[in-house]
Amino acid sequence: MGAAGSLTSVSGFHAVAAVRKAVREFLRTAPEAVDSLCVAVSGGADSLALAEATAYTCRDLRVTALVVDHGLQDGSDAVADKAAATARELGVHDARVLPVSVSGPGGPEAAARRARYAALREASAGAPVLLGHTRDDQAETVLLGLGRGSGPRSIAGMRPHDPPWGRPLLGLPRTTTRAACDELGITPWQDPHNADSRYRRVRIRDEALPTLEDVLGGGVSGALARTAAQLREDVDVLDDLGEELLAAALTETRDAAETSPDAVPEPAVPVLAAAPAALRRRALRSWLLGAGVRELTDAHLRSVDALIADWRGQGGVWLAGDFEVRRARGKLRVEPAAAGSITTSDHR
């Protein structure tokens, strides 16, 4: 088995060519040139097809396959070793297995994702990491966002360029990567978790999407992916405007008072209050993330926004990570919550 494989079938030939073209187009539109690339490889069809296409297309770059062993199944180490060996056969310069420990809140799926991304980020040493998400994965992500009611940012799905992550295959269906692997003579690993109906994404893939395809007459995955792309464009514009609003609000307070260089800047309430709610909440989100607050939800942002738009002299707003946002003297302040302070996360 070589990097190019034996290209005999027309449909298979086109599948291999499509994956390689997707990688070329992705690199052509990348924000900056690179001298090395990493590819996250699970042993499944998507990541193996991506590894081959990257090795073939980027012959002048050092390409490293990174295989995360979550240790959640018996024999996972052997699966990881085989995935690394296959990636080498497909032409990557090096392949490394990264054992991780999966634990923490949010259930096994969320914990595994956190461990995986942390390991990939550390092992990549600053190089871009290409992920094998396809158009079908994008459609599943959009439906999950719709079901959670988590707003346009979630429904906008995954970004092709999201440093250090790159997703060249978001425009291709999963059938293309499978056909490419068939053509290349690869037998991908079938993760048992991908058939486990206890996971919500599996049920969306196996039940919800096929039902929508049947009811709506096909093309649903492509339509959802296009919707995500359109929303991303809108979200990007609104985010930029939100950053401009935040900069104006911080300039107002920075000019009016002397503050410690290490202090979290405090935005001016009047500047924020004059803006539309959609921009105001984006400015607040950026400000809070910059202050170290994580796991922000729409409810959190609306509660903080109520300190501006629905001000009645209420107390502070508690946020995850034990932060508190208060309004004082026409400014917003975020700091660690004081012991015993009375706060709320809902002012509506």
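Quick caveat: nothing in here was measured; it's all calculated off a predicted structure. One-based numbering along the sequence shown.
When hydrophobic residues (I, L, V, M, F, W, Y) are linked wherever their side-chain heavy atoms come within less than 4.5 Å, Val235 remains an isolated member.
Residues Asp94 and Thr64 bring no donor and acceptor atom of their side chains to less than 3.5 Å of each other.
Distance alone, capped at 3.5 Å, places no donor-acceptor pair between the Glu244 side chain and the Gly242 backbone. One N or O on the side chain of Thr251 and one on the backbone of Ala247 form a donor-acceptor pair closer than 3.5 Å. Using a distance-only test at 3.5 Å, with no hydrogens or angles considered, no donor-acceptor pair links the side chain of Ser286 to the main chain of Arg282. Between the side chain of His14 and the backbone N or O of Ser11 there is no donor-acceptor pair closer than 3.5 Å. Side-chain atoms of Thr57 never come within 3.5 Å of backbone atoms of Thr54 as a donor-acceptor pair (strictly under, hydrogens ignored). When atom types are taken as modelled, the side chain of His93 and the backbone of Val63 share a donor-acceptor pair closer than 3.5 angstrom. Formation of a donor-acceptor pair under 3.5 Å by the Ser303 side chain with backbone atoms of Val317 is not found in this model. Between the side chain of Arg294 and the main chain of Leu289, a donor-acceptor pair closer than 3.5 Å is present. Arg232 contributes a side-chain N or O that, together with a main-chain N or O of Ala156, makes up a donor-acceptor pair within less than 3.5 Å. Under the 3.5 Å distance criterion, the side-chain polar atoms of Asp137 are matched with a main-chain donor or acceptor of Thr134.
Ion pair Arg178/Asp182 not flagged as a salt bridge, since none of the NZ, NE, NH1 or NH2 atoms sits closer than 4.0 Å to an Asp/Glu carboxylate oxygen. With respect to the salt-bridge test (charged N to carboxylate O, under 4.0 angstrom), the residues Arg326 and Glu335 do not qualify. Under 4.0 Å is where a charged nitrogen must lie from a carboxylate oxygen, and between Asp239 and Arg285 no such pair does. Between Glu140 and Arg174 there is a salt bridge, since at least one side-chain N of the basic residue sits less than 4.0 Å from a carboxylate O of the acidic one. With respect to the salt-bridge test (charged N to carboxylate O, under 4.0 angstrom), the residues Asp35 and Arg62 do not qualify.
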Step by step, would you call Glu324 with Arg333 a salt bridge (charged side-chain N to carboxylate O under 4.0 Å, His left out)? CA-CA 8 Å; Glu324 183 182 17; Arg333 175 175 301 170; over 6 Å; no

side-chain contact (heavy atoms from CB on, under 4.5 Å) for Asp236 and Glu233? Distances and angles first, verdict last. CA-CA 5 Å; Asp236 287 345; Glu233 294 175 350; 5.8 Å; no

Under the side-chain contact (heavy atoms from CB on, under 4.5 Å) criterion, do Leu169 and Leu172 qualify, and how do the steps go? CA-CA 5 Å; Leu169 307 185; Leu172 297 179; 4.1 Å; yes

Between Arg280 and Asp305, is a salt bridge (charged side-chain N to carboxylate O under 4.0 Å, His left out) present by the stated rule, with each step listed? CA-CA 8 Å; Arg280 191 168 59 239; Asp305 188 49; 2.4 Å; yes

Going through the checks in order, is the side-chain contact (heavy atoms from CB on, under 4.5 Å) test met by Leu184 and Val16? CA-CA 8 Å; Leu184 295 163; Val16 172; 4.0 Å; yes

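Looking at Leu209 and Leu143, their side chains come closer than 4.5 Å, going by heavy atoms from C-beta outward. Using a 4.5 Å heavy-atom threshold, the side chains of Leu90 and Ile186 count as touching. When side chains are defined from C-beta on, Leu301 counts as touching Leu288, because their heavy atoms get closer than 4.5 Å. Pro164 places none of its side-chain heavy atoms less than 4.5 Å from the side chain of Pro128.
Taking a 6.0 Å sphere around CZ of Arg201, one finds it holds more than 12 heavy atoms contributed by other residues, nucleotides or ligands. Counting heavy-atom neighbours within 6.0 Å of Gln73 CD, excluding the residue itself, gives a total above 12. Remark: Arg96 CZ is loosely packed, at most 12 non-hydrogen atoms of other residues, nucleotides or ligands lying under 6.0 Å away. Residue Arg200 places its CZ atom among 12 or fewer non-hydrogen atoms of other residues, nucleotides or ligands, all under 6.0 Å distant. By the neighbour-count criterion of 12 heavy atoms within 6.0 Å, atom CG of Asp74 is sparsely surrounded, having that number or fewer from other residues, nucleotides or ligands.
Here Ile155 contributes atom CD1 and Gln230 contributes atom CD; the two are 13.0 Å apart, rounded to the nearest 0.5 Å. With rounding to the nearest 0.5 Å, the separation of CD1 in Ile308 from CG in Leu272 is 4.5 Å. How far CG of Leu48 is from OG1 of Thr187: 10.0 Å, rounded to the nearest 0.5 Å. The CZ atom of Arg148 lies 6.5 Å from the OG atom of Ser154; values are rounded to the nearest 0.5 Å. Summarising the geometry, atom OH belonging to Tyr199 is positioned 10.0 Å from atom CG belonging to Asn194; distances are rounded to the nearest 0.5 Å. Atom-to-atom distance recorded for Leu131:CG and Arg167:CZ is 5.5 Å, nearest 0.5 angstrom.
Arg327 forms a cation-pi arrangement with Trp311, by the criterion of a distance under 6.0 Å to the ring centre and an angle within 45° of the ring axis. Because its NZ or CZ atom is not both nearer than 6.0 Å to the ring centre of Tyr117 and within 45° of the ring axis, Arg121 does not count as a cation-pi partner of that residue.
Of all heavy-atom pairs between Gly44 and Ser42, the closest is N-OG, 3.1 Å. Closest non-hydrogen pair, Asp298 versus Arg302, comes out as OD2-NE, 2.7 Å. Of all heavy-atom pairs between Ser103 and Ala111, the closest is O-CB, 3.5 Å. Counting all heavy atoms, side chain and backbone alike, Leu250 lies closest to Pro265 at CD2-CB, 3.6 Å. Across Pro210 and Ile204, no two heavy atoms sit closer than the pair CD-O, 4.0 Å. Closest non-hydrogen pair, Ala84 versus Ala95, comes out as O-CB, 3.5 Å.
Between His161 and Phe26, the two ring planes are parallel [angle under 30°; tilted spans 30° to 60°].
A side-chain hydrogen bond (donor to acceptor under 3.5 Å, both in side chains) check over residues 212-221, counting only residues at least two apart or in different chains, returns nothing.
Connection of Trp189 to Val19 is not established within any shared hydrophobic cluster, with ILVMFWY side chains joined at heavy-atom distances below 4.5 Å, either directly or through further cluster members. A continuous path of Ile, Leu, Val, Met, Phe, Trp and Tyr side chains, each step under 4.5 Å between heavy atoms, connects Val129 with Leu98, placing both in one hydrophobic cluster. Under the 4.5 Å side-chain heavy-atom criterion for grouping Ile, Leu, Val, Met, Phe, Trp and Tyr, Val34 is connected to Val92 within one hydrophobic cluster. Transitive grouping of hydrophobic side chains (ILVMFWY, heavy atoms separated by less than 4.5 Å) keeps Leu144 and Val202 in distinct clusters. By the rule that hydrophobic residues join a cluster once side-chain heavy atoms approach within less than 4.5 Å of another member, Leu332 and Phe323 end up as members of one cluster.
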